[in-house]
Amino acid sequence: MAEAADFQGTSASPARRWLRRTGALLAGAPLLAGLLQLPAAAPAAAASGDPVSVALDSMSPNAPTDGDTLTVSGTVTNNGKQAVTGAHVGLRVGPILNTRSGINDVAQHPDELQGVSGSEVGDKYTQKFAKLAPGVAERFSISVPVDKLDLGANGVYEFGVALSGQTSAQPWQQVLGVQRTFLPWQPSDADTRTRTTVLWPLLSTVHMTAKTGAGELQTPVFLNDDLAKELAPGGRLDQMVSLGKDLDVTWVIDPDLLASVDAMASGNYRLQGAGDTTVAGPKEHQALAKQWLASLQKAVVGKEVVALPFADPDLASLAHRGTSVTGSLSHLKDATDVAATTVKTVLHVTPSTDYAWPVNGAVDPSIMRVATSAGADRVIARSDSLQETAGLSYTPSAARPVGGGTTAVVADAKLSTAFEGDLTKAADSTLAVQEFLAQSLEINAQTDQQRSIVVAPQRLPTAAQAQAMAAAVRALQGGTWSQAQDLTAAAKAKPDPSATTRIPSTSAYPTYLRRQELPASAFEQIARTQDKLDDFQVILSDQSRVVTPFGRAINRGMSTSWRGQSDDGDAFRNGVEGWLDDLAGQVRLIDKSETKLSGRSATIPVTVQNNLVQPVGHLVLRLTSTQPTRLKIGGKAYYEQPVDIAGGHAQSVKFTTSANANGRATVIAQLYTEDGQEYGDAVTFDVKVTEVTPTVMLVIGGGVLLLVLAGFRMYTQRKRAAARQAGEGGAGAAGEDSDGPGNPDAPGHRLPEESDSTAGADDPEQPSDPAPDTAPESTDPSGTGERVDR
């Protein structure tokens, strides 16, 4: 009996006490006792923790029209300890709900027994159960022609599915369980249809690291294999594409997701393992990624595609905590610039990059400034942030000019949040769909003025949420009060002059969202990593192999993925910076130990190692003496030489030094980029100078004297030999033989260069004749404790 559920004025506990006392006093008059207890029956059942729960799993059609048959199905479960007998499930049509707030009230308490209203449609459209055993769920399904519901004017009706029955403790018919929802009723086309834009978000969390393989293909390394799970049949991203392809929606895409799936589709991707190890990704996931991309390419044909900045940067965190860090805004500009290229390359469509989408559409002046700093002139906000202050009796259009050429596209908060929460149960999904349709119809009924409404759901819908969203959008687009339009049309629609355009203050930004923001330290680390990347790239022959993966990884470091995930975000950014340090450290100086200099001058080699696969250049190696009065490099306190090294090679750079005094001098070797920035760690080593001793000087002086004497002796001997040859030549001319003068073949004739054996024994060798008395100077690098020869 419906009246039993409407008992008012008695709280649950007094009601129970009153029932017990009345039962004891009137034990001999059960009929009278039953009559007296009728008004209190429903509260007693509701408060006892012993009701029957009703789950409405499906409702078809969601928005019926004339001639339709409405079918509802679900389950009823006896949650009490006593069996319910004489039970039946009936349908109830309640009053028409004329306001959005009235819809909210019903939605907040869908199973409240005291809220049951309306009478049952009729015995013919019920399902009966002789007995409901405790803890047992029973299914029901009821079909009723719409014309039997006695619906009147167009609008949203409260609609209930209730189970009535009795127990041994309360042996009278009463409502023991109910599920209330909404029945949108607009049988014919509305005079004015609301133009509705539904955003279909295709985003994911961060999956790719900064690491790539050393080969030509630069095999990408993924954090884990979670992306494959989302792409698999029934997975979240699989559902978003397979459901969205048949809907008239605006696709909002994170280019990083496309880049990640495309990298997986190219094959040979690897997964990050323990420590610095990686393992190959499963081959079957390559086919999975290819299939998903092919499906998406077909799904977006002819549809509007909006590309968010690469990796979906957290605009609020950047505005509140990042703008004080130099260079932070440049990353947003970079992420925006690469977005269109990525989408066009992968999907073969040209996206719009005019939109910024702060988390939950929450805005303040600083967020608006940051959001538009990279070129976007339209910011997707939400009505629970940009709240109406003029007391409008209707929901205004989404477009709001907020100054400076910027348009705030204000999504309706109630419609946008309709599919949040756990919707894995069919009953929860059904209620979400019916409430969404009810709110949409009520918006259309508010005024005859045509308006443009935007729905911006949560960024990462689950598979169940996506299914509920798709069911609602299908019903809406097949209904009679709404027509689909894309986001650009909504942004360009004529603004309502009475709608608010005032951006809320920074203090109005929701506290729960502020607590989830990236810390300032995240942006400081990003800036530090960028500085290191700038220093590193200038020495590379092929900068794209490093700049591209690290540039995108830096974008990922400021993604909305890390909201509320501070530890994971820190780990990711640490990994990016650490990997960059490892790569930059592959170009380094080889350590040197003490070097000995046994003279006034010598050559000191310093070795530079390049373990990268590509050549490096634009480097200068500077060798500096910390004690130039004792040891000079190239005649100065320091000397520099350019360095160019092939991949996987080392180069020994030699410096000429000169010593002025005995002792130990410290020398510093440091690499610099051509613009004067230090590169890598310096190498410091000692040079021990040993000055020439007096004894050595005497030996050297004696040697020089001997050389002088030997030279003089050679000179005098040559003079004597020349004189003898001249005398012998004159005698021969006076007594020539018959062979004739000057005949070289005559017996006894001697050539001028020849000498006898006696004379030849005393002749010194020519200076060019002897071999060197020392080995050639080694060009190899100095070893540990090596002596550097002059």
Side-chain angles (χ1 to χ4, degrees), residues 1-8 42-43 46 51-66 68-74 76 88-122 125-126 140 142-164 174-187 414-415 418 427-446 468 472 475-476 479-481:
M1 298 176 66
E3 294 78 10
D6 294 331
F7 181 74
Q8 302 288 333
V52 173
S53 60
V54 180
L56 179 58
D57 294 339
S58 68
M59 186 169 173
S60 179
N62 302 101
T65 60
D66 286 330
D68 286 339
T69 296
L70 178 66
T71 300
V72 296
S73 62
V76 289
H88 72 274
V89 176
L91 308 179
R92 295 169 179 261
V93 178
I96 194 168
L97 302 170
N98 295 316
T99 63
R100 298 189 69 184
S101 59
I103 297 173
N104 293 340
D105 292 341
V106 173
Q108 288 176 1
H109 307 286
D111 55 358
E112 191 174 81
L113 288 177
Q114 289 183 342
V116 174
S117 60
S119 58
E120 283 191 0
V121 174
Y125 306 107
T126 64
F140 68 86
I142 302 173
S143 296
V144 56
V146 172
D147 58 8
K148 300 297 183 182
L149 299 179
D150 294 330
L151 300 174
N154 298 339
V156 178
Y157 288 84
E158 181 182 328
F159 184 78
V161 180
L163 181 131
S164 300
Q174 55 190 303
V175 176
L176 298 176
V178 67
Q179 182 64 259
R180 296 189 294 165
T181 185
F182 309 97
L183 185 65
W185 178 242
Q186 180 69 44
K414 199 65 184 177
L415 295 178
D428 295 328
S429 176
T430 299
L431 295 181
V433 171
Q434 294 307 123
E435 182 181 0
F436 177 89
L437 296 174
Q439 291 283 358
S440 174
L441 178 55
E442 187 57 40
I443 288 173
N444 189 73
Q446 289 172 337
L476 186 66
T480 55
W481 67 86

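Just so you know, these numbers use all the heavy atoms, side chains as well, and skip hydrogens, waters and symmetry mates.
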Side chains of [X] and [Y] in contact at under 4.5 Å (non-hydrogen atoms):
X    : Y    : answer
L183 : L70  : yes
I443 : W481 : no
D66  : V146 : no
V72  : F159 : yes
V178 : L163 : no

Any chance you could measure [X], atom [atom1], to [Y], atom [atom2], to the nearest 0.5 Å?
X    : Y    : atom1 : atom2 : answer
E435 : K414 : CD    : NZ    : 5.0 Å
T480 : N154 : OG1   : CG    : 7.5 Å
L97  : Y157 : CG    : OH    : 10.0 Å
S143 : L91  : OG    : CG    : 9.5 Å
D150 : S119 : CG    : OG    : 8.5 Å
F182 : L441 : CZ    : CG    : 12.0 Å

Of all heavy-atom pairs between [X] and [Y], which one has the smallest distance, and what is that distance?
X    : Y    : value
V433 : A468 : CG2-O, 3.5 Å
L476 : S440 : CD1-OG, 3.2 Å
A475 : L437 : CB-CD1, 3.8 Å
A153 : I96  : O-CD1, 3.9 Å
P61  : D68  : CG-OD2, 3.8 Å
I103 : A438 : CD1-O, 3.6 Å

Would the distance check show the side chain of [X] and the main-chain N or O of [Y] forming a donor-acceptor pair, the cut-off being under 3.5 Å?
X    : Y    : value
S164 : H88  : no
Q179 : V54  : yes
E442 : G155 : no
R92  : G118 : yes

Quiz question: by atom type and distance under 3.5 Å, do the side chains of [X] and [Y] form a donor-acceptor pair?
X    : Y    : result
S58  : S73  : yes
N104 : S101 : no
E158 : S117 : yes

